[in-house]
Amino acid sequence: MSSPSGPEIISLGCRLNIAESETIRALAAGREDLVVVNSCAVTNEAVKQTRVAIRRAAKARPDAQIVVTGCAAQIDPASFAAMPEVARVLGNVDKLRPESWASAEPMLVTDMSRVVETAPHLVSAFAGHARAFVEVQNGCDHACTFCIIPTGRGPSRSVPAGLVIDRIARAIELGHREVVLTGVDLTSYGHDLPGQPSLGLLVERILTHVPTLPRLRLSSLDSIEIDDRLFELVTGEARVMPHLHLSLQAGNDLILKRMKRRHSRAQSVAIVERLLTARPEIAIGADLIAGFPTEDEAMAADTLALIDDAHIVHAHIFPYSARDGTPAARMPQVPHPLRRERAARLREAAARRRRDWLATQIGATRDVLVERPGTRGHAPDFADIHFSPAAEPGSIARVRVTAATETHLIGQLA
């Protein structure tokens, strides 16, 4: 799928940013003089990487105008405007408005607390991506004590099902074989729409009204909000990919309470067991934070054990990052070296679990969504597969798994 002419876009962070980067590409079509850095602010390291990306872009393209947008720019616009490399700063809502890209204002940052709309634009294609990312929800109404993202994204708001279905149908027309539903708090979908439709109802409508959609994938879910309708769809519908990424964060009840999460450790384990009983091929992913304030060794051990107890094979592990303005930043802090040590332990356990899981797939034949350059892709359970000979990027290829490494599978086209 060829890239249209337009700005160079550097997209950092979540899948929602990827979706919005393609909207930016459409809105700024023809502006080849721009480099747009769509930033992330989930951790201090993410903000640091945004600054690194800006400086690298300025060095690589000294004649280009650098526009910084995304969560880091929304939360602290003045600090990015002060960087000599930066020409303009746009907020998270402003980056999706056509008038922002026609304006020369050096800083346009709307107060997110006043925002009521989301996903106002339909992009024509997802340049360079085998799968299409469709935003169905934005913002968050929860108040997790470690999280700064509600400041950057605003209140939870949903896209009406009709518009979502139209976007997915258009993505299929353009040749995409897999669609990913994205959002900041995906399982809160629908509470602000007439009749308060659930995420499960949205998925059901998509499958009914876009019968040509081969593969539907969900981004991160809050496990406590997986209701019966959504459970039935992810366990019983073949077109819904058997890969669920859960926002678990920790495996100790006191830490979960101090995070202001709404689930317990037992509930996390129970939902995974229910899912795997109903559909054993589901692969579980999870976000886990190491070294949250007040965490002692016993609490850390509970989170470490959760990797096995919740069958986690796709782990995203972060040392706790204190963000100014969040309640957790005022709690007693775990020393940085200990946070890093605990994160390393979690990563080691997650790598072992993933290695063992991949080894069980040797000899299987998988349907792989082919990604660039045509010699790798992902199976329905999101196992990373490298194969030969090359296949057409964007197609779905049958691949026989012949070997496994610690991180990915190796195969041959069947």
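It should be emphasised that the depicted structure is a prediction, and the values quoted were computed from it without experimental measurement.
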- Task: Could you tell me which residues satisfy side-chain hydrogen bond (donor to acceptor under 3.5 Å, both in side chains) with S247, sequence neighbours excluded, listed by chain and number?
- Result: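 S247 satisfies side-chain hydrogen bond (donor to acceptor under 3.5 Å, both in side chains) with Q249, R261 once adjacent residues are dropped.
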- Query: R55: what forms a side-chain hydrogen bond (donor to acceptor under 3.5 Å, both in side chains) with it, not counting sequence neighbours?
  - Reply: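 With sequence neighbours excluded, R55 shows a side-chain hydrogen bond (donor to acceptor under 3.5 Å, both in side chains) to no residue whatsoever.
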Looking at [X] and [Y], would you say the former's side chain and the latter's main chain have a donor-acceptor pair under 3.5 Å?
X	Y	value
T375	S388	no
D222	L186	no
H378	L369	no
N17	L12	yes
R15	F133	no

- Message: Going by salt bridge (Lys or Arg N to Asp or Glu O under 4.0 Å), name the pairs with one or both residues in residues 63-73, residues two or more places apart or in two chains.
- Response: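 Of all non-adjacent pairs touching residues 63-73, none passes salt bridge (Lys or Arg N to Asp or Glu O under 4.0 Å).
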Judged by modelled atom types alone, do [X] and [Y] share a side-chain donor-acceptor pair under 3.5 Å?
X	Y	value
H245	D287	yes
R354	H314	yes
R97	T110	yes
R323	N44	yes
S21	N38	yes

- Message: Are there over 12 heavy-atom neighbours, none belonging to E45, within less than 6.0 Å of that residue's CD?
- Response: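 Counting neighbours around CD of E45, more than 12 heavy atoms of other residues, nucleotides or ligands fall under 6.0 Å, so yes.
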- Message: Applying side-chain hydrogen bond (donor to acceptor under 3.5 Å, both in side chains) as the test, list every pair that has at least one member in residues 70-91; sequence neighbours left out.
- Response: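 Those involving residues 70-91 are R51-S79, D76-S79.
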- Six-ring centre of F231, R274 cation under 6.0 angstrom, axis tolerance 45°: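 Yes, R274 lies over the aromatic ring of F231.
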- Message: Using the side-chain contact (heavy atoms from CB on, under 4.5 Å) criterion, which residues pair with D356? Sequence neighbours excluded.
- Response: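 Expected list: R352.
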- Pairs where residues 385-413 contributes a residue and the test ring-ring contact (aromatic ring centres under 6.0 Å, His included) is met, not counting sequence neighbours: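 Qualifying pairs, neighbours excluded: H386-H408.
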